[in-house]
2 protein chains.
Amino acid sequence: MKGHFSIGEAARASGVKVPTIRYYEEIGLLPSPPRTEGGRRSYGAEDMRRLAFIRHARELGFEIDAIRTLLQLQDNPNQSCAAADAIARDHLVAVERRIASLTALQAELMRMVEGCSHGHVAGCRVIEILADHGECRHHHGPAETTAGSAPAFADRL
Amino acid sequence: MKGHFSIGEAARASGVKVPTIRYYEEIGLLPSPPRTEGGRRSYGAEDMRRLAFIRHARELGFEIDAIRTLLQLQDNPNQSCAAADAIARDHLVAVERRIASLTALQAELMRMVEGCSHGHVAGCRVIEILADHGECRHHHGPAETTAGSAPAFADRL
DNA sequence: CTAATTCCTCTAGTGACTAGAGGAGCAAGC
DNA sequence: GCTTGCTCCTCTAGTCACTAGAGGAATTAG
């Protein structure tokens with residue numbers, strides 16, 4: 001095993017792009033590595049492990065802040081793992097909600113494209129469904145979100 | 001039917017927040033409405049319809065640029081609706097891909113939280129799975145994405 | 001007439017990067 | 001030694017679709 005890796009090697013090994021690695025350093029997710037004489041970053045095996053951890057967690061959709069917490073937990077393994085469990089559980093719930101609402105969305109989009117007559121825009125089902133909100137089972141509007149202003153758009157569920 | 005609505009009324013009716021409406025105007029998605037003597041925006045019925053259209057399309061996860069195209073199509077209904085159909089179809093494909101990958105993710109997260117021994121971090125399955133990338137069925141790494149650098153993180157699928 | 005609410009413009013911030021400018025280090029070949 | 005080409009450095013600014021807040025003006029209710 002080598003003891004030092006350039007940022008490019010780290011990028012190739014982890015699948016995280018070079019500027020992203022620098023970005024992770026900037027926001028304090030990855031420690032600033034020592035530099036070579038010429039001023040280049042030199043990563044050790046521990047850094048490589050950390051980077052793989054981050055990459056995997058990001059791949060699973062964990063937010064940077066969650067990863068920060070997870071990394072802290074990993075750093076002192078004597079703590080209770082309840083926090084890690086809670087983070088993963090919360091994320092699972094979020095993912096399940098996202099799946100549910102994307103599935104509803106999928107149904108509506110399928111109705112759209114199936115109903116499309118492939119003629120002209122006047123009478124196009126895609127446009128019509130978007131224009132007539134009453135036709136779909138989505139619900140929103142005044143006096144429904146109590147006060148807190150819930151955006152509830154599809155891409156953040 | 002009223003012929004003029006304040007931005008607040010438009011917001012309540014459409015479910016789009018006031019600053020967001022102004023933002024839509026700024027980026028040219030919504031036309032700049034006439035103003036009252038005091039300089040306030042005054043929306044007509046057509047604006048209200050357009051806003052509802054936008055809101056619904058956003059709710060379905062269409063991007064602003066796609067909505068722009070869709071609105072242009074709606075504005076001259078003599079065109080072929082092939083473009084609208086293509087946009088909806090593309091979006092459907094994207095949604096289906098997203099569902100598939102979120103479902104895989106869900107399975108992995110379930111493995112994580114089910115395997116958690118609720119003890120200490122040393123031996124916590126959540127942390128372990130994140131650290132040992134080999135354990136999961138996700139795949140990445142060098143020499144797999146040919147050249148174009150595909151990020152492939154979960155939240156953009 | 002006052003107080004509360006709504007509205008205005010403007011700037012800056014969010015998350016998680018990505019893109020590009022402009023320059024310097026470094027290895028290999030000639 | 002010199003050039004070529006790659007990788008690396010820092011820095012700024014841009015992405016998307018908003019959101020937050022300052023500071024002030026207009027409208028509305030009582």
Side-chain angles (χ1 to χ4, degrees), chain A residues 4-30 32-43 51 54-68 91 94 142 145 147-157, chain B residues 4-30 32-43 51 54-68 91 94 142 145 147-157:
Chain A
H4 58 285
F5 302 86
S6 74
I7 197 169
E9 286 166 334
R12 275 186 293 278
S14 65
V16 177
K17 291 193 213 150
V18 169
T20 305
I21 295 177
R22 284 197 280 250
Y23 167 72
Y24 287 161
E25 181 182 333
E26 194 188 306
I27 63 169
L29 204 57
L30 211 56
S32 300
R35 303 290 184 112
T36 66
E37 238 180 277
R40 284 145 183 244
R41 288 170 180 82
S42 177
Y43 295 98
L51 197 49
I54 294 169
R55 154 81 194 213
H56 193 189
R58 283 298 296 134
E59 222 171 300
L60 291 175
F62 287 95
E63 290 176 8
I64 297 285
D65 258 12
I67 297 175
R68 213 186 288 276
H91 189 50
T145 53
S149 81
F153 286 150
D155 51 347
R156 69 188 56 161
L157 292 177
Chain B
H4 58 286
F5 302 85
S6 74
I7 197 170
E9 287 166 334
R12 275 186 293 278
S14 66
V16 178
K17 291 193 214 151
V18 169
T20 305
I21 296 177
R22 285 197 278 251
Y23 167 74
Y24 287 161
E25 181 182 334
E26 194 188 307
I27 63 171
L29 205 58
L30 210 55
S32 300
R35 302 291 183 112
T36 67
E37 239 180 275
R40 283 144 184 246
R41 288 170 180 82
S42 176
Y43 294 98
L51 196 50
I54 295 168
R55 154 81 194 212
H56 193 190
R58 283 298 294 134
E59 220 171 301
L60 290 176
F62 286 97
E63 289 176 9
I64 296 285
D65 258 12
I67 296 175
R68 213 186 290 275
H91 189 52
T145 53
S149 80
F153 286 153
D155 51 348
R156 70 188 55 161
L157 292 176

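Throughout, protein chains are lettered first and strands after them, A, B, ... in sequence-line order, and every chain is numbered starting at 1. Only this structure's heavy atoms are used, side chains among them; waters, hydrogens and symmetry mates stay out.
- For the OP1/OP2 pair of C:dT18 and a distance below 4.0 Å, the side-chain nitrogens and oxygens of A:T20 include at least one atom meeting the criterion.
- Between C:dC17 and A:K17, no contact under 4.0 Å exists linking OP1 or OP2 to a side-chain N or O.
- For the pair A:D65 CG and C:dA16 C1', the interatomic distance rounds to 12 Å; values are reported in whole Å.
- Rounded to an integer number of Å, the gap from B:Y24 OH to D:dA17 C1' is 7 Å.
- Surrounding CD of B:E63 are at most 12 heavy atoms belonging to other residues, nucleotides or ligands under 6.0 Å away.
- Between the P atom of D:dA17 and the CD1 atom of B:I64 lies a distance of 5 Å, rounded to the nearest Å.
- Ionic pairing of A:R22 and A:E26 is not present here: no N-O contact between side-chain nitrogen and carboxylate oxygen is shorter than 4.0 angstrom.
- In this structure, the CG atom of A:L30 is 15 Å from the C1' atom of C:dA16, given to the nearest Å.
- Taking atom CG of residue B:L60 and atom C1' of nucleotide D:dA17, one finds them 17 Å apart after rounding to whole Å.
- Side-chain contact between A:R41 and A:T36: absent, with no pair of heavy atoms (C-beta onward) separated by less than 4.5 Å.
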> Going through the distances and angles, do B:R40 and B:I7 end up as a side-chain contact (heavy atoms from CB on, under 4.5 Å)?
Replying inline: CA-CA 8 Å; B:R40 283 144 184 246; B:I7 197 170; over 6 Å; no
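- The aromatic ring centroids of B:H4 and B:Y43 lie 6.0 Å or more from each other.
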Using the 3.5 Å cut-off, write out each protein N or O paired with an N or O of nucleotides 6-11 of chain C and the distance between them.
{"from": "C:dT6", "atom 1": "O2", "to": "B:R40", "atom 2": "NH2", "distance (Å)": "3.0"}
{"from": "C:dC7", "atom 1": "OP1", "to": "B:S6", "atom 2": "OG", "distance (Å)": "2.9"}
{"from": "C:dC7", "atom 1": "OP1", "to": "B:G8", "atom 2": "N", "distance (Å)": "2.8"}
{"from": "C:dC7", "atom 1": "O4'", "to": "B:R40", "atom 2": "NH1", "distance (Å)": "3.4"}
{"from": "C:dC8", "atom 1": "OP1", "to": "B:R41", "atom 2": "N", "distance (Å)": "3.0"}
{"from": "C:dC8", "atom 1": "OP1", "to": "B:R41", "atom 2": "NH1", "distance (Å)": "2.9"}
{"from": "C:dC8", "atom 1": "OP2", "to": "B:R22", "atom 2": "NH1", "distance (Å)": "2.3"}
{"from": "C:dC8", "atom 1": "OP2", "to": "B:R41", "atom 2": "NH1", "distance (Å)": "3.4"}
{"from": "C:dC8", "atom 1": "O5'", "to": "B:R41", "atom 2": "NH1", "distance (Å)": "3.4"}
{"from": "C:dC8", "atom 1": "O3'", "to": "B:R35", "atom 2": "NH1", "distance (Å)": "3.4"}
{"from": "C:dT9", "atom 1": "OP1", "to": "B:R35", "atom 2": "NH1", "distance (Å)": "3.3"}
{"from": "C:dT9", "atom 1": "OP1", "to": "B:R35", "atom 2": "NH2", "distance (Å)": "3.0"}
{"from": "C:dT9", "atom 1": "OP2", "to": "B:R41", "atom 2": "NH1", "distance (Å)": "3.0"}
{"from": "C:dT9", "atom 1": "OP2", "to": "B:R41", "atom 2": "NH2", "distance (Å)": "2.9"}

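- Looking at heavy-atom distances under 4.0 Å, A:E37 makes no contact with the nucleic acid at all.
- In this structure the side chain of B:V16 reaches within 4.5 angstrom of the side chain of B:L51, judged on heavy atoms.
- Atom pair A:I21:CD1 and D:dC8:P shows a separation of 9 Å (rounding to whole Å applied).
- Set against C:dA16, D:dA17, D:dT19, the side chain of B:Y23 has D:dA17 as its closest nucleotide.
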